[in-house]
Amino acid sequence: EVACIARNRSGEASFTCQLSVVAREARVPPSFTERLTSTRVKDGQSVLLKVKAEGQPVPGLAWQKDGYTLRQTSGVRILQDGAGAGSVELSPAISGWYQCTAYNTAGSCATRARIVVDPPPQQQHQMNGGAPKIVLPAQSRTIPPEKEPEQEVIYLKHVDNQKQEMKREEVV
């Protein structure tokens, strides 16, 4: 209980109130207890990226792909439970670097992983008794080889002879 009393020549006034002091909330920067792991999948497969972060206050999560903010679309589903856990489901998976950043008022941390999507196996074209056919791009051009450089004659003067000639001139 707190009392305030004001006095002057005219008199006195006072009031009391109840004051409750609440301890400041402890702040702990986030850290990941479950991190992203790099994965290789076949073309057309789905991938689930899961993380779990803890900290005080409970951290929020932000997702990126190749340095750009990842947004929910028809092929990208982003989930968070509000307790530091989150996931991204990619259907189908798309190759790239994925990052999740956990943040709160005490700081932030990040985890990264690479998703590699293997292309579908190419159907081999049969030609000449089973040999694979080489398919060139439609717009190709042949680069001619460079011309042989012309021979160049270089005259070198022996350095020792030059020094002897200089000495003779000095003596005379």
Side-chain angles (χ1 to χ4, degrees), residues 1-8 10-127 130-143:
E1 188 171 295
V2 175
C4 180
I5 302 168
R7 291 187 190 128
N8 66 18
S10 300
E12 180 178 297
S14 67
F15 73 92
T16 61
C17 66
Q18 189 67 31
L19 178 65
S20 299
V21 178
V22 178
R24 185 179 221 187
E25 181 178 7
R27 295 187 324 159
V28 177
S31 63
F32 283 100
T33 55
E34 186 176 339
R35 302 180 72 81
L36 295 176
T37 55
S38 293
T39 303
R40 179 180 290 271
V41 297
K42 294 180 182 174
D43 186 49
Q45 285 186 316
S46 297
V47 169
L48 182 65
L49 303 171
K50 295 188 331 182
V51 295
K52 174 76 173 137
E54 51 185 38
Q56 191 62 34
V58 174
L61 300 174
W63 293 88
Q64 292 182 324
K65 177 192 180 287
D66 296 327
Y68 295 97
T69 300
L70 193 60
R71 302 204 187 284
Q72 186 138 335
T73 64
S74 59
V76 178
R77 190 170 160 210
I78 302 172
L79 300 172
Q80 292 186 36
D81 69 355
S87 64
V88 168
E89 183 178 2
L90 305 167
S91 183
I94 302 168
S95 291
W97 283 99
Y98 290 83
Q99 177 173 311
C100 181
T101 303
Y103 60 90
N104 66 14
T105 56
S108 66
C109 65
T111 178
R112 284 181 77 180
R114 184 174 183 197
I115 303 300
V116 177
V117 178
D118 291 328
Q122 293 183 355
Q123 297 176 355
Q124 291 193 0
H125 300 281
Q126 299 297 320
M127 185 175 105
K133 181 179 176 184
I134 297 175
V135 179
L136 296 175
Q139 299 219 357
S140 63
R141 71 176 198 170
T142 304
I143 300 173

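These values consider heavy atoms only, across backbone and side chains, with no hydrogens, waters or symmetry-generated copies. In this chain, numbering begins with 1 at the start of the sequence shown.
Smallest separation of non-hydrogen atoms from L90 and V88: CD2-CG1, 3.7 Å. In terms of heavy atoms, N104 sits closest to P59 at CB-CA, 4.2 Å. The two residues A53 and L61 come nearest to each other via the heavy atoms CB-CD2, 4.4 Å. K50 and L48 make their closest contact through CD-CD2, 3.7 Å (heavy atoms, listed as atom of the first residue, atom of the second, distance).
Annotation: side chain of Q45 is not in contact with side chain of D43 (no heavy-atom distance under 4.5 Å). By the 4.5 Å heavy-atom criterion applied to side chains, P57 and T105 are counted as neighbours.
For residues 98-108, there are no salt bridge (Lys or Arg N to Asp or Glu O under 4.0 Å) pairs, not counting sequence neighbours. Listed by first and then second residue, the salt bridge (Lys or Arg N to Asp or Glu O under 4.0 Å) pairs that reach into residues 27-37 come to none, sequence neighbours excluded. Applying the salt bridge (Lys or Arg N to Asp or Glu O under 4.0 Å) definition to pairs two or more places apart or across chains, none involves residues 98-110. Listed by first and then second residue, the side-chain hydrogen bond (donor to acceptor under 3.5 Å, both in side chains) pairs involving residues 51-67 are E25-Q56 (not counting sequence neighbours). Residue pairs meeting the side-chain hydrogen bond (donor to acceptor under 3.5 Å, both in side chains) criterion with at least one member in residues 77-100, sequence neighbours excluded: S46-S91, Q99-T101.
With sequence neighbours left out, the side-chain hydrogen bond (donor to acceptor under 3.5 Å, both in side chains) criterion links E12 to R7. In terms of the side chain to side chain contact (heavy atoms under 4.5 Å, CB included) criterion, V58 has no residue partners (sequence neighbours excluded). Qualifying side chain to side chain contact (heavy atoms under 4.5 Å, CB included) partners for T16, counting only residues two or more places apart in sequence or in other chains: E1, A3.
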Ignoring hydrogens and angles, write down the donor-acceptor pairs under 3.5 Å from the side chains of residues 106-120, residues two or more places apart or on other chains.
unit_1: T111; atom_1: OG1; unit_2: L36; atom_2: N; d: 3.2
unit_1: D118; atom_1: OD1; unit_2: R40; atom_2: NH1; d: 2.5

